[in-house]
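No hydrogens, no waters, no symmetry mates; every other heavy atom, side chains included, goes into these values.
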Amino acid sequence: MVSADSLSTSTSLINQVRAGEQLAWNRFVSLYTPLILNWCHRYGIRGTDADDIAQNVFLAILKHIAEFGKDHLDNSFRAWLWTITRSKILDELRYTKKYPRAVGGQTLSHLDVSWPTPIESRSSSESAQDLELLIAVALQIIRQDFSMQTWQAFWQSAALGQRPSEVARELGMTAAAICMCRARVLRRLRETIEEL
């Protein structure tokens, strides 16, 4: 299985984003948008408000990516991302509290706001959810690199836990071919995660 440490953003991806490489930026945004939206959803921010926060986070990243890691080489990118996202969430919650968005004539001045907690004090279940989300995004990225049969062989044997012999019968392949397909996809998944 993939560890949380192996999902840290690679220096090469950060350097490519710093260099203004469009493909790296697209990959970066694809990887981290679901995570940012997930963090927003935890604090009741959804829809266009969450999209706006994500956009503001990416604008802040573009503006400050050159400074990331310069003060400490062991900085965690996800912690830095969480700090930026938390700031944008707080901005939105403050704005919403100051200027409530009334629905049906109701006022929201009584709104009890749950403030985001620092990443260090987040529960292990929240970190596990973040990890699952990043793996799901990585799987979406690599899905297009494989044929339908290879993907089904991988998915049924690795994700669903079916025996290779069962999957082989269903897909008209040998058990060895199923194992090879699973290994190819898992190798590509690890490479993508390391790259990201």
query: Going through the distances and angles, do R184 and F146 end up as a side chain to side chain contact (heavy atoms under 4.5 Å, CB included)?
result: CA-CA 9 Å; R184 283 183 52 222; F146 298 95; 3.8 Å; yes
Closest heavy-atom pair and its distance - R18, I65: NE-O, 2.9 Å
message: Is any side-chain heavy atom of Q16 closer than 4.5 Å to one of L13?
response: yes
query: Out of curiosity, T150 OG1 to M180 CE, how far, rounded to the nearest 0.5 Å?
result: 9.5 Å
Minimum-distance pair of heavy atoms, taken over all atoms of T174 and A168: C-CB, 3.6 Å
message: Show the nearest heavy-atom pair for residues Q149 and L171, with the distance to one decimal.
response: NE2-O, 3.3 Å
message: Apply side chain to side chain contact (heavy atoms under 4.5 Å, CB included) to residues F154 and L139 and explain how you reach the verdict.
response: CA-CA 11 Å; F154 156 73; L139 284 169; 4.1 Å; yes
- prompt: Yes or no on side chain to side chain contact (heavy atoms under 4.5 Å, CB included) for Q152 and V167, after CA distance, side-chain angles and deciding distance?
  reply: CA-CA 9 Å; Q152 284 184 337; V167 178; over 6 Å; no
query: Could you go step by step and tell me if S157 and Q162 meet the side chain to side chain contact (heavy atoms under 4.5 Å, CB included) rule?
result: CA-CA 5 Å; S157 64; Q162 295 177 333; 5.7 Å; no
message: I'd like to know whether CZ of R143 has more than 12 heavy-atom contacts from other residues, nucleotides or ligands below 6.0 angstrom.
response: yes
task: Give a yes or no on whether L62 and F58 share a hydrophobic cluster (residues Ile, Leu, Val, Met, Phe, Trp, Tyr; joining criterion: side-chain heavy atoms under 4.5 Å apart).
output: yes
- prompt: If Ile, Leu, Val, Met, Phe, Trp and Tyr residues are connected whenever their side-chain heavy atoms lie under 4.5 Å apart, and connections chain through other members, are I84 and L59 in the same group?
  reply: no
- request: Using the six-membered ring wherever Trp is involved, compare the ring planes of W25 and F28 and label them parallel, tilted or perpendicular (cut-offs 30° and 60°).
  value: parallel
- request: Please report the shortest heavy-atom distance between I36 and L81, naming the atom on each side.
  value: CD1-CD1, 4.0 Å
message: With rounding to the nearest 0.5 angstrom, report the CG to OG1 distance, L90 to T85.
response: 11.0 Å
- line: Residues C40 and A50: closest non-hydrogen pair is CB-CB, 3.9 Å
query: Out of Y32, W39, F77, which residue meets the ring pair (Phe, Tyr, Trp, His ring centres under 6.0 Å) rule with W82?
result: W39
query: V185, L160: one ILVMFWY side-chain cluster at the under-4.5 Å cut-off?
result: yes
query: For W155, what residues pass the ring-ring contact (aromatic ring centres under 6.0 Å, His included) criterion, not counting sequence neighbours?
result: none
Separation of I142 CD1 from Q144 CD (nearest 0.5 Å): 10.0 Å
- request: Evaluate the side-chain proximity of R27 to L23: yes if any heavy-atom separation is below 4.5 Å, no if none is.
  value: no
field: Closest non-hydrogen atom pair, K88 against A60
entry: CE-CB, 4.2 Å
- request: Please indicate whether M173 has more than 12 foreign heavy atoms, meaning atoms of other residues, nucleotides or ligands, lying under 6.0 Å from its CE.
  value: yes
- request: Among residues two or more places apart or on two chains, list those pairs meeting side chain to side chain donor-acceptor pair (under 3.5 Å) that have a residue in residues 51-66.
  value: H64-E67
- prompt: Within the distance-only criterion (no hydrogens, no angle test), does the side chain of S87 pair as donor or acceptor with the backbone N or O of T83 below 3.5 angstrom?
  reply: no
Atom pair CZ (R169) and CD1 (I178), whose distance is rounded to the nearest 0.5 Å: 11.0 Å
- line: Result for side-chain contact (heavy atoms from CB on, under 4.5 Å) between I53 and one of I45, L37, T48 points to I45
